[in-house]
Number of protein chains: 2
Amino acid sequence: MNHYPKSVLDLIENLSKLPGVGKKTAERLSMHILRAPRSEAEKLASSIITLKNNMRLCGKCFALSEGELCSICSNPGRESSIICVVERIADMVAIEKSGGFKGLYHVLQGVLSPMDGIGPNDLRIRELFTRIKSEHIREVVVATSTNVEGEATASYLTKKLKETNITVTRIASGVPMGGDLKYVDQVTLKMAMEARFEK
Amino acid sequence: MNHYPKSVLDLIENLSKLPGVGKKTAERLSMHILRAPRSEAEKLASSIITLKNNMRLCGKCFALSEGELCSICSNPGRESSIICVVERIADMVAIEKSGGFKGLYHVLQGVLSPMDGIGPNDLRIRELFTRIKSEHIREVVVATSTNVEGEATASYLTKKLKETNITVTRIASGVPMGGDLKYVDQVTLKMAMEARFEK
């Protein structure tokens with residue numbers, strides 16, 4: 001790697017800290033940036049800095065926000081009596097894209113993971129219960145992932161939430177839409193069969 | 001995509017201009033930068049700017065350089081009577097990594113490609129001949145790629161170079177080292193057979 005001048009090596013090193021970017025990719029990206037117009041490179045650099053300067057977490061739901069409250073929490077058109085609990089901001093964005101939810105969100109900023117030393121106090125769980133007490137919440141939809149950590153977090157939350165007087169729901173599991181049954185894994189199929197409903 | 005605040009959308013847009021980075025990857029990278037320590041993000045941004053500010057092409061061989069001449073052209077230990085002609089800087093770096101060449105380079109900054117409207121005047125070919133006239137060059141190794149454009153460029157260069165009084169060579173083609181014969185393509189095998197040599 002020491003066949004490049006120092007500025008190139010520095011950029012390669014910094015780019016390869018990004019997830020999924022190895023030395024080879026970082027090298028290719030650096031070469032692109034080198035050939036690209038100066039304005040494009042400057043725009044990229046300044047948007048990184050702007051992101052770090054402007055972005056904060058919403059004071060209420062811990063989603064991304066450019067102000068005190070995020071665009072969803074400050075939107076009076078959203079149904080404010082229902083909260084969807086997700087692990088990460090990307091999950092919230094995925095649900096928003098689906099258009100299937102019109103309520104508010106609460107981003108835990110992670111999942112329970114005893115192996116990594118992440119317990120309930122490391123997530124935004126206390127803040128969720130503060131919201132349930134102070135806002136008029138009717139229902140909490142637990143929309144953590146369906147993997148081991150997500151399910152464990154969902155169980156923990158469901159148990160704790162049932163102590164309050166609100167409806168607790170979990171997103172449905174089953175065969176993905178447009179999916180071919182023979183390609184669906186057995187656990188999902190079993191789940192879909194158990195959760196069958198009358199039409 | 002409009003579920004993210006503007007700063008995030010801006011970064012996603014700028015990142016997805018990089019080669020091999022689509023919207024999904026740009027989204028993932030942006031989320032990483034968002035979570036990463038401020039110092040890491042600042043280092044990345046500043047190394048992009050430093051690269052654009054410090055990097056120039058070597059005045060002699062058109063490789064990357066931080067000064068007037070690159071580290072190879074200004075190294076008195078290199079054999080200065082032999083020039084290896086490559087398409088791009090990355091090719092030069094690949095040859096340097098191999099350690100198989102101790103002479104100087106000349107980076108064409110592209111290949112002949114009539115389909116894309118790239119002719120001899122768009123490459124650093126004139127500068128190569130100027131070097132041959134002014135420096136004491138004994139041999140030129142044409143190390144363009146072995147694809148269609150690379151071969152065409154090699155033919156063009158070989159023909160023009162033979163008009164001068166120097167040795168013109170082409171890098172060897174054949175079975176890659178460590179390669180299993182049954183996985184080598186037929187064109188390469190034919191080439192390797194034709195170029196067989198006595199041991």
Side-chain angles (χ1 to χ4, degrees), chain A residues 1-15 17-21 25 27-57 63-67 70-72 88-90 92-97 109, chain B residues 1-15 17-21 25 27-57 63-67 70-72 88-90 92-97 109:
Chain A
M1 287 307 265
N2 50 8
H3 305 288
Y4 285 114
K6 189 175 173 305
S7 329
V8 182
L9 290 179
D10 281 351
L11 181 57
I12 291 177
E13 194 197 315
N14 287 319
L15 281 172
K17 283 181 191 149
L18 296 173
V21 178
T25 309
E27 208 177 321
R28 196 161 44 84
L29 294 180
S30 301
M31 288 295 121
H32 170 87
I33 291 172
L34 206 57
R35 278 198 300 270
R38 167 172 288 265
S39 64
E40 192 182 317
E42 278 169 356
K43 261 198 247 166
L44 175 59
S46 78
S47 61
I48 293 171
I49 295 298
T50 310
L51 181 83
K52 290 308 263 190
N53 286 342
N54 289 8
M55 277 298 123
R56 46 194 287 186
L57 295 182
L64 280 181
S65 172
E66 283 179 322
C70 73
S71 58
I72 292 177
R88 301 215 163 268
I89 289 156
M92 186 195 103
V93 171
I95 296 176
E96 275 299 287
K97 279 183 190 166
Q109 298 292 342
Chain B
M1 287 307 264
N2 48 8
H3 304 289
Y4 285 115
K6 190 176 171 304
S7 329
V8 183
L9 290 179
D10 281 351
L11 181 58
I12 292 176
E13 195 198 315
N14 287 319
L15 281 172
K17 282 182 192 148
L18 296 174
V21 178
T25 309
E27 208 175 321
R28 196 160 44 83
L29 294 180
S30 300
M31 287 297 120
H32 170 87
I33 291 172
L34 208 55
R35 279 198 300 269
R38 167 173 289 266
S39 65
E40 192 183 318
E42 277 169 358
K43 260 198 248 166
L44 175 59
S46 78
S47 60
I48 293 171
I49 295 298
T50 309
L51 181 83
K52 290 307 260 188
N53 286 342
N54 289 8
M55 277 298 124
R56 46 193 289 187
L57 295 182
L64 280 181
S65 172
E66 283 179 324
C70 72
S71 58
I72 292 178
R88 302 216 162 267
I89 290 156
M92 187 194 103
V93 172
I95 295 176
E96 275 299 287
K97 279 182 190 165
Q109 298 291 342

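Below, read A as the first sequence line, B as the second, and so on, with proteins coming before strands; counting in each chain starts at 1.
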Participant: Under a 4.5 Å heavy-atom cutoff, which of B:Met31, B:Lys6, B:Gln109 has the most pairs with chain A?
Facilitator: B:Lys6
Participant: By salt bridge (Lys or Arg N to Asp or Glu O under 4.0 Å), which residues pair with B:Glu96, not counting sequence neighbours?
Facilitator: B:Arg78
Participant: Using 0.5 Å steps for rounding, measure from the CE atom of A:Met92 to the OH atom of B:Tyr4.
Facilitator: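 The distance works out to 8.5 Å.
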Participant: Side chain, backbone, both or neither: which part of A:Glu40 has a non-hydrogen atom closer than 4.5 Å to chain B?
Facilitator: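 The side chain, not the backbone.
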Participant: Would you say the side-chain atoms of B:Lys52 pair up with the backbone N or O of A:Ala36, donor to acceptor, closer than 3.5 Å?
Facilitator: yes
Participant: What part of A:Ile72 lies closer than 4.5 angstrom to a heavy atom of chain B: side chain, backbone, both or neither?
Facilitator: neither
Participant: Please name the residue in the list A:Val8, A:Leu15, A:Asn14 that meets the side chain to side chain contact (heavy atoms under 4.5 Å, CB included) test with B:Ser47.
Facilitator: A:Asn14
Participant: Is B:Leu51 in contact with chain A via its backbone, its side chain, both, or neither, using a 4.5 Å heavy-atom distance?
Facilitator: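 Both parts, backbone and side chain.
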Participant: Tell me which of these, A:Gly20, A:Ser65, A:Cys70, A:Ala45, has more heavy-atom pairs under 4.5 Å with chain B than the rest.
Facilitator: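 Ranked by heavy-atom pairs under 4.5 Å with chain B, first place is A:Ala45.
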Participant: Below 4.5 Å from any heavy atom of chain B, which atoms of A:Ser30 appear? Answer side chain, backbone, both or neither.
Facilitator: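 Just its backbone gets close to chain B.
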Participant: Between B:Ile49, B:Leu34, B:Asn53, who has the most heavy-atom pairs with chain A when the cutoff is under 4.5 Å?
Facilitator: B:Leu34
Participant: Suppose we screen for salt bridge (Lys or Arg N to Asp or Glu O under 4.0 Å). Which residues come up paired with A:Arg35, at least two apart in sequence or across chains?
Facilitator: none
Participant: Just give me the residue among B:Leu64, B:Thr25, B:Asp10 that pairs up with chain A most often, heavy atom to heavy atom, under 4.5 Å.
Facilitator: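 Most heavy-atom pairs within the cutoff with chain A belong to B:Leu64.
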